[in-house]
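If you read the sequence from its start, that first residue is 1, and numbering goes on from there. Remember, it's 1-based here, ligands and their atoms both numbered in the order they're listed. Source: prediction; values computed, not measured.
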Amino acid sequence: MDYSAIILAAGDGKRMKSEKPKVMCEVLGEPMIGWVLDSVRDAGIPDERVGVIVGSGAKTVQEYIANKGTYRTFMQEERKGTGHAVMQAEEMLRDGGNVLILCGDAPFADSDTIIAALNEHTHNGNDVTVVSAELEDPAGYGRIIRGEDGAFRAITEAKDCTMPELQIQEINSGVYWFRADALAKALPKLGADNAAGEYYLTDTVALICEGGGKAGIYKAEDPDIVLGANNRAELLSLNITAKMAVIGKLLAEGVEFVSTDGIIIGKDVEIGADTKILPGTIIRGKTVIGTGCTIGPNTLIENCRIGSGVILNSVQAYDSRVCDRVKAGPFVQLRPGTILHDGVKIGDFVEIKNSEIGMNTAVAHLTYVGDSDVGKGVNFGCGCVTANYDGINKYRTKIGDHAFIGCNTNLIAPVEIGENAATAAGSTITKPVPPNSLAVERAQTKIIDNWDKNFLRKKKA
Ligand code: UD1
Ligand code: CA
C-alpha cells in the first residue's frame, strides 16, 4: 500500500502581524512547518512522497524545506481555503493508496498519533479518518458533528456553527488520513457557500458520508497534539507548552534543572544524565551534550557536540565540538569550526574560530585564536591575537605542543611556532619560530635617568 502526505502551508501570517509566512513562525527555534515535516518523516513517509502547498511567502518556505529534504511543492496562487489548497496537489492523489493531510501551523502532531490514526483508518476500512481531540476551550476549531447514532457525520467550522454546535468540545485537529480515490472524488464537489467563502477541506467528510463512504475518528490521547497557532499569543503558548514538554522528557532522562527560568531547549537536543542546565541557557539545533556537565548560566549552544564533565559558563558556541572535561567561560565565544580537545581551558573574553585546540591547552584571558592548529599543553598568556586576515585572504597559524605564547603576542599568519618554543610578551611574530627557542620582537628599553614626572606641569607654570 502506498502512503503519501500533503502539508498545507500556503496561508499568510495576517493574524501573526508578520512579514513572514505563518508556518515559518518558530516554536523552540524551529519553524512550525519543520516540526510537521519531522513528524511525517518519523512516521515513515519518504520525503519525495510529501507535497507541501505553498503560497504566501512561498520563496521563504521553499528555501527552508529544500534545506531539509527533497520535498515536492505545489503553488496555491490564491488562498481560497484548505480544500482549494489540496486541489493544487491533485496529481498526488492519482497514485491511489492513502494520503495523510496536515496543517503546517500545528506543530505538535506527532508520528505516534499519525501511525495510530493510520492503523485505525486501514483496520476499519475508512475512506477518511480524522484525528480529533477533546479540548477544554475549543474556540476557533472545527467541531466534530455526530449523528443521533453517535456516528461521525461532518466537521463544522467554528464560524458556521450554531449555538449548540459551539458547545461541542471534540474538535478537528486538521490531521486526516484519506483514501486517495475518495478524496479525489470529493474535492470537485466542494463549494464555498459558507461564512468564510472558502473551499473547506473539512466539507469532504460530509460529502464522503453522503456518497455512502465511511468516515471515522481517531481521538488523540494527548489533547496538546492538536494545538495550532494563528496569532502571537497562541505562538507564545505553543512555545511554553513545547518548552515544558522537552524539559519534562529530559528530567525523566536524568538531566538536572534547578529552575526553568530563561531555559529554551530545542526538540532534537540530546543531553546526558547528571548534566545540570542553569538559568538563561538556550540550546538548539542538532546538539548533543554528554553526562555530568554544567551548562550555563547564560549560555547559548547551537549545533554542537559536547563531551562529558564539561563546564560552560556564559559561553556562546556555534557548530563546534567540545571534548571531555573542557572548562570555558565566562564570556567566551566559540565560532563555527572550533574543536576543543579534552581538558582544554578557555577563560574570560576569549574568542576561538575555526581552530583546533589540543589537549590541556589553556587560553585563559582576552585572546583571539582564529584559523589555527594548536597542539597540546600550550599556554596562551593574556591578550594574544592571531592576525589571520590581511584584508584579502585568511591564513592559518600553527602552534606546536607545549609552546608558551607570551602575553600580548601578535601572531601574523601564516606563521608557525615550533614545539616547546616560546614568544616573549609583547612580541609581533612574523617568522617561523623553531622548536625549543624563544622569539623576542621588541625594541630595546631606553632608560632616561632622574625623570621628573611633573616636568610638563612645571614647564607650563
Ligand atoms: C483548520 C480547519 C479546522 C481545524 C483547524 C485545526 C478547515 C476549513 N478548518 O482551521 O477545522 O480545527 O484547522 O488547526 O480546514 N492554508 C492553505 N491555503 C489556504 C488556506 C489555508 O495552505 O487557502 C493552510 C494554512 O497555511 C494552514 C492550514 O492550511 O497551515 C490551516 O489553515 P487555517 O486558515 O489556519 O485554518 P483554521 O482556521 O485553523
Ligand atoms: Ca490554523
Looking only at protein heavy atoms, what sits closest to atom 24 (C) of ligand 1 is Leu8 CB, 3.6 Å
Checklist entry - If you measure only the distance, is there a donor-acceptor pair under 3.5 Å linking the side chains of Tyr199 and Asp203? => result no
Does Cys103 reach ligand 1, in the sense of a heavy atom lying below 4.0 Å from it?
yes
Q. Between Gln62 and Thr73, does any side-chain donor sit less than 3.5 Å from a side-chain acceptor?
A. yes
Given side-chain hydrogen bond (donor to acceptor under 3.5 Å, both in side chains), test Asn354 with Asp371 step by step and report yes or no. CA-CA 5 Å; Asn354 191 27; Asp371 301 313; 2.9 Å; yes
Presence of salt bridge, Lys286 and Asp268, under 4.0 angstrom = yes
Quick note on ligand 1: atoms under 4.0 Å from a heavy atom of Lys22 include exactly 35 (O)
Any chance the side chains of Tyr218 and Asn119 put a donor and an acceptor closer than 3.5 Å? no
Contact region, Ala106 to ligand 1, non-hydrogen atoms below 4.0 Å, reads neither
closest protein heavy atom to atom 16 (N) of ligand 1 is Gly11 N, 4.0 Å
Here the atoms of ligand 1 under 4.0 Å from any heavy atom belonging to Ser173 are 6 (C), 14 (O)
Note: Ile168 and Arg143 closest approach over all heavy atoms is O-NE, 2.9 Å
Side-chain donor/acceptor of Ser320 to backbone N/O of Ala317, under 3.5 Å
no
Any heavy atom of Glu157 under 4.0 Å from ligand 1? The part involved is side chain
Numbered in order shown, the ligand 1 atoms found under 4.0 Å of a heavy atom of Gly142 are 3 (C), 4 (C), 11 (O), 12 (O)
**Message:** Is there a polar contact, in the sense of an N or O pair closer than 3.5 Å, between Gly81 and ligand 1?
**Reply:** yes
Quick note on ligand 1: atoms under 4.0 Å from a heavy atom of Ala85 include exactly 17 (C), 18 (N), 22 (O)
Legend entry - Any donor-acceptor N or O pair under 3.5 Å, side chains Asp110, Thr113: yes
Can a non-hydrogen atom of Ile171 be found less than 4.0 Å from any atom of ligand 1?
no
- Message: Can you classify the ring geometry of Phe349 versus Phe331 as parallel (below 30°), tilted (30 to 60°) or perpendicular (above 60°)?
- Response: parallel
shortest atom 32 (O) of ligand 1-to-protein heavy-atom contact is with Thr82 CG2, 3.8 Å
Would you say Ala10 has any N or O atom under 3.5 Å from an N or O of ligand 1, going by distance alone?
-> yes
Side chain to side chain contact (heavy atoms under 4.5 Å, CB included) with Val374: of Ile339, Ile352, Ile357, only one passes, and it is Ile357
Would one find an N or O of Asn172, backbone or side chain, under 3.5 Å from an N or O of ligand 1?
yes
Pairing of Lys22 and Asp105 as salt bridge, 4.0 angstrom limit | yes
Candidates Gln76, Arg15, Lys159; heavy atom nearest atom 18 (N) of ligand 1 found on Gln76
Should Tyr141 be counted as touching ligand 1, given the test is an N or O pair under 3.5 Å?
no
So the atoms of ligand 1 within less than 4.0 Å of a heavy atom of Tyr200 turn out to be 8 (C)
Counting from 1 in the order shown, the ligand 1 atoms closer than 4.0 Å to a non-hydrogen atom of Arg79 are 18 (N), 19 (C), 23 (O)
Protein non-hydrogen atoms only, distance under 4.0 Å: does atom 29 (O) of ligand 1 have such a neighbour?
yes
Angle subtended at the Ca ion (ligand 2) by Asp105 OD2 and Asn230 OD1, to the nearest 10 degrees, is 80°
Salt-bridge present (Asp38, Lys267; N to O < 4.0 Å):
yes
### Task
Using a strict 4.0 Å threshold on nitrogen-to-oxygen distance, state whether Glu78 and Lys80 make a salt bridge.
yes
- Query: Given the protein's heavy atoms, is any one of them under 4.0 Å from atom 35 (O) of ligand 1?
  - Reply: yes
Exercise for the section: Give a yes/no on ligand 1: does Ala9 have at least one heavy atom closer than 4.0 angstrom to it? Expected result: yes
Scanning both residues in full, the closest heavy-atom pair of Ser372 with Thr386 reads OG-CG2, 3.6 Å
Notebook entry, point to check: Nearest protein heavy atom to atom 3 (C) of ligand 1: under 4.0 Å?
Noted result: yes
